[in-house]
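Only one structure is covered here, and it is reproduced in the block below.
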Amino acid sequence: EKQGKLADAIAKYEAALKIWNEVEERDKRLIVGSQFSLFAGRTSRASEQPDDPLTMKILLARAYMWDGENQLEKKKDAEAAAAFKRAEPMFLDITRLVEQHWPTHPRTANNYSYLGNLYFLQRRYADSAAAYRRSLEIYEVQEGAQSDNTRYIVVRLAKVLRSDGRESEAVELETRYPAKAAGPK
C-alpha cells in the first residue's frame, strides 16, 4: 500500500492463498499449521514473510479492506463495496476459526477489531459496534481496562457510536474507560 502497489500485493496474496487452499484441508490443518506462528508473539508486518495460510488470509483480507478504504477516498463507491465484499467473508472466517480454538486470546480480539473497522467503513454501525464490543470484552479481561489495546478499542467504539448518533453511549463508554493520566515530563 505504501508503495502504491496494493493491486500487486492482492494478486500475490490471492495466488499464495490458492496454493495453500489446494494443499491443506480446510479448518483442521489451517489451525495446526498456523497456531505456532500465530501465537509466537509476532505481529504481521509488511516486512515479514507470511509463512502459514492463516496469516496469509489475514494479510489478504486487510489488503482488500485497505483497497476499499482507498476507493472510498477516491469516491469510487462501487469499487469500495466490491473490495469490502471480498474482505468480509475472509475476516469472518478467520475470526470464527481463531475464536473457536482461542475464544479469549488477544489475537481473537484483534480479529474482531478488524471486523469493527471493516463495518465502520461500510457505515454498518450496529455491526461495527458489536465487533468492537467483543474485542473490548476480550482485551479488558486479558490486558486490563487501561491497556493500550483496550484504550484503542474504546476510542474506535466511541467513534462508531457518535457516527451512529449515539452520543450519550459514547460519553458513558469514555467515562467507564477514562484516558490515562499523562506522566511527568
Side-chain angles (χ1 to χ4, degrees), residues 1-2 6 9-10 13-14 17 38 43-46 54-180:
E1 179 187 18
K2 291 178 183 173
L6 192 54
I10 287 171
Y13 287 142
E14 285 174 337
L17 189 59
L38 184 63
T43 57
S44 298
R45 302 270 188 248
L54 189 58
T55 300
M56 190 130 358
K57 204 172 207 180
I58 290 168
L59 291 172
L60 179 57
R62 285 177 26 194
Y64 286 145
M65 184 173 60
W66 291 331
D67 184 40
E69 190 171 12
N70 288 338
Q71 298 302 329
L72 282 179
E73 289 173 8
K74 296 175 187 175
K75 308 288 187 221
K76 295 182 177 181
D77 294 342
E79 291 88 345
F84 294 146
K85 187 175 180 178
R86 295 180 87 182
E88 183 178 6
M90 297 181 92
F91 278 132
L92 287 170
D93 188 40
I94 294 162
T95 302
R96 284 184 196 123
L97 187 59
V98 173
E99 186 171 36
Q100 176 184 357
H101 296 278
W102 302 286
T104 60
H105 195 281
R107 294 288 177 129
T108 302
N110 191 48
N111 287 324
Y112 273 106
S113 176
Y114 285 137
L115 276 172
N117 190 37
L118 176 68
Y119 294 144
F120 178 78
L121 291 169
Q122 295 173 298
R123 294 183 175 86
R124 293 170 53 187
Y125 300 129
D127 293 330
S128 180
Y132 280 133
R133 285 186 194 284
R134 178 66 178 125
S135 180
L136 178 60
E137 178 184 301
I138 295 168
Y139 278 135
E140 185 175 18
V141 168
Q142 293 299 316
E143 299 179 2
Q146 289 297 312
S147 78
D148 290 340
N149 286 326
T150 300
R151 291 294 316 144
Y152 173 79
I153 298 302
V154 166
V155 168
R156 296 296 303 173
L157 179 54
K159 183 175 181 177
V160 169
L161 294 170
R162 285 189 172 94
S163 296
D164 198 25
R166 296 158 60 186
E167 178 68 26
S168 63
E169 287 181 62
V171 170
E172 179 185 327
L173 177 72
E174 291 168 332
T175 301
R176 275 189 285 144
Y177 299 90
K180 291 181 184 179

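Remember, it's a predicted structure, so these values are computed and weren't measured experimentally.
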What do the steps show when you test Thr104 against Val141 for side-chain contact (heavy atoms from CB on, under 4.5 Å), and what is the final call? CA-CA 8 Å; Thr104 60; Val141 168; 5.7 Å; no
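- For the atom pair Tyr13 OH and Arg62 CZ, the distance stands at 7.5 Å (nearest 0.5 Å).
- Ring geometry for Phe120 versus Tyr125: interplanar angle of 30 to 60°, hence tilted.
- Put simply, the side chain of Glu140 does not reach to within 4.5 Å of the side chain of Ser147, judged on heavy atoms.
- Note that CG of Leu92 and OH of Tyr114 are 15.0 Å apart. Values are rounded to the nearest 0.5 Å.
- You'll find the side chain of Leu136 reaches within 4.5 Å of the side chain of Tyr177, heavy atoms only.
- Only one option out of Arg156, Glu69, Gln122 pairs with Asn117 in a side-chain hydrogen bond (donor to acceptor under 3.5 Å, both in side chains); it is Arg156.
- We find the CH2-CG distance between Trp66 and Leu59 to be 7.5 Å, quoted to the nearest 0.5 Å.
- Leu157 has its side chain within reach of Leu173: a pair of non-hydrogen atoms, C-beta onward, lies under 4.5 Å apart.
- Between the side chain of Thr150 and the backbone N or O of Gly144, at least one donor-acceptor pair lies under 3.5 Å.
- Looking at Glu14 and Arg86, their side chains come closer than 4.5 Å, going by heavy atoms from C-beta outward.
- A donor-acceptor contact closer than 3.5 angstrom links the side chains of Tyr119 and Glu88.
- For the residue pair Asp77 and Leu72, the shortest heavy atom distance occurs at OD1-CD2, 3.8 Å.
- Nearest heavy-atom pair, Gly68 versus Ala80, reported as atom, atom and distance to 0.1 Å: O-CB, 3.4 Å.
- Annotation for Gln146 and Pro178: closest pair NE2-O, 3.2 Å, computed over non-hydrogen atoms.
- With sequence neighbours excluded, the residues satisfying side-chain hydrogen bond (donor to acceptor under 3.5 Å, both in side chains) with Asp164 are Arg166.
- In this structure, Leu118 CG and Arg124 CZ are separated by 7.0 Å, a value rounded to the nearest 0.5 Å.
- For the atom pair Ile153 CD1 and Asn149 CG, the distance stands at 7.0 Å (nearest 0.5 Å).
- Using a 4.5 Å cut-off on side-chain heavy atoms (C-beta onward), Glu99 and Arg134 make contact.
- In terms of heavy-atom proximity, Ala109 sits nearest to Ser135 at O-OG, 2.8 Å.
- The CZ atom of Arg151 sits 13.5 Å away from the CD atom of Glu143 when rounded to the nearest 0.5 Å.
- In terms of heavy-atom proximity, Thr108 sits nearest to Pro103 at CG2-O, 3.9 Å.
- Between Arg162 and Glu174 there is a salt bridge, since a side-chain N of the basic residue sits under 4.0 Å from a carboxylate O of the acidic one.
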